[in-house]
Amino acid sequence: MASQAEDERFMARAIEVSRQNTGFTDTNPSVGCVLVKDGVIVAEAVTSVGGRPHAEHNALDLAGEAARGATAYVTLEPCAHWGKTPPCANALAHYGVARVVVAVDDPDERVSGRGYQVLRDAGIEVQTGVLRREGERALAAYLTRKIKKRPHVILKLAVSADGMIGRKGAGQVAITGAEARRAVHELRAHCDGILVGIGTAIADDPELNVRISGMEQYSPIRFVLDRRLELPTHSKLVKTARDVPLVVVEMPSSADARDLAERRAALASAGAEVLSAKNIEDLLLILGARGLSELLVEGGAVAAKAFLEAGLVDRILLFESPTVIGTGGIETPIKRADIPDTYSLVGETVYGPDRCFDYERPL
Ligand code: AOF
Ligand code: ZN
């Protein structure tokens with residue numbers, strides 16, 4: 001009989017394994033599965049890139065006969081539906097797994113509760129809710145889209161020692177160093193979408209792609225909040241629209257409507273998509289329906305404030321740098337001291353001279 005401490009230790013490993021493919025499994029969650037026999041890991045696997053095969057199938061394949069009598073630690077309730085692959089719950093039974101330990105129940109209506117039922121009907125001992133909170137954090141993007149019908153939103157900010165995020169009229173200002181920048185590019189690769197406001201798009205002329213060699217193909221879809229379609233066609237974003245998808249989000253008031261037709265046509269003929277949304281909430285529901293699970297909001301102050309005020313930020317990554325901006329600085333919309341109590345600090349990482357504070361709120 002495994003102790004609670006042992007169950008938590010192997011589940012922590014399953015969660016760690018699951019993170020490998022977060023953001024690379026399309027609309028499917030990236031799940032981790034660890035098979036343990038006599039206190040020893042016999043196989044561990046994650047949902048494959050693209051979303052299939054599922055984690056349990058991959059782990060069972062690796063373990064083969066060794067799965068008989070083993071305990072499976074799975075971060076999400078094993079599936080019970082006949083999708084593009086046979087159900088994982090049936091596969092666990094077929095391989096003779098004796099016990100299944102799960103962190104998070106699957107909200108997918110085809111699976112919810114049924115996964116456990118299939119296992120129990122096969123005589124497998126089932127234990128749920130082990131490291132549930134940690135499991136929910138790892139699956140936050142999937143769970144948010146399934147439950148709230150919108151992507152999970154990460155707000156990333158880089159703040160100078162004097163509380164600034166840029167300098168007026170100066171374009172892109174380096175606040176954090178190379179290590180933090182690399183971490184941000186890695187984060188971009190794990191997201192489905194990245195968004196900036198039109199102010200930042202014009203002032204910084206960013207590309208918003210992933211510039212880590214070998215990972216370029218994981219560049220997220222780029223979104224610009226551009227109420228009146230002011231994004232210039234000579235911007236880097238528009239010029240690269242045929243290589244990495246670009247969506248320009250208009251939120252026109254009725255007075256703007258007739259003036260926008262020409263702008264829409266210019267952007268569309270440059271390869272960008274123009275999307276109309278009533279407000280940020282509406283935009284997020286549209287993105288959820290399109291299957292985007294993780295959206296990174298990268299600036300600037302206006303867009304950040306709009307998401308914060310609408311209560312639509314789920315995670316805040318606050319990079320603090322020792323750089324001083326001085327006069328002409330653009331003040332950060334949020335400092336560590338003003339982060340509401342609904343968020344808790346879940347991590348703190350050092351990147352060269354910079355530090356990143358990771359705040360999350362529960363689902
Ligand atoms: C698992 N293990 O590794 C994953 C699961 O389109 P399909 O057939 O692949 O099914 C997608 C659903 O499967 C998804 O909504 C979620 O309920 C479950 N994902 N389940 O047992 C896994 N990725
Ligand atoms: Zn499955």
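Whatever order the structure lists them in is the order used to number ligands and atoms, beginning at 1. What you see is a predicted model; the values in this text were computed from it and never measured.
Tyr142 and His152 have their aromatic ring centers separated by at least 6.0 angstrom. Phe10 and Tyr73 have their aromatic ring centers within a separation under 6.0 angstrom.
Listed by chain and number, the protein N, O or S atoms at a distance under 2.8 Å from the Zn ion (ligand 2) are His54 ND1, Cys79 SG, Cys88 SG.
Ranking protein heavy atoms by distance to atom 17 (O) of ligand 1, first place goes to Asp106 OD2, 2.5 Å. Looking only at protein heavy atoms, the nearest one to atom 6 (O) of ligand 1 is Arg52 NH2, 2.8 Å. Scanning the protein heavy atoms around atom 19 (N) of ligand 1, the nearest turns out to be Asn28 OD1, 3.0 Å.
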For Arg68 and Val97, what are the C-alpha separation, side-chain angles and deciding distance, and is it a side-chain contact (heavy atoms from CB on, under 4.5 Å)? CA-CA 5 Å; Arg68 197 156 295 285; Val97 167; over 6 Å; no

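Each of the following atoms of ligand 1 lies closer than 4.0 Å to a heavy atom of Cys79: 1 (C), 20 (N), 21 (O). Interface of Val111 with ligand 1, defined as ligand atoms under 4.0 Å from a residue heavy atom, comprises 17 (O).
The side chain of Cys88, and not its backbone, has at least one atom closer than 4.0 Å to an atom of ligand 1 (non-hydrogen atoms only; side chain from C-beta on).
Contact between Tyr116 and Glu77 at its shortest, heavy atoms only, is N-OE2, 3.3 Å. When all heavy atoms of Pro333 and Ile165 are compared, the closest pair comes out as CD-CD1, 4.1 Å.
Close to ligand 1: His81, with a non-hydrogen atom less than 4.0 angstrom away.
Pairs passing the side-chain hydrogen bond (donor to acceptor under 3.5 Å, both in side chains) check and including a residue from residues 24-35, sequence neighbours excluded, read Asn28-His54.
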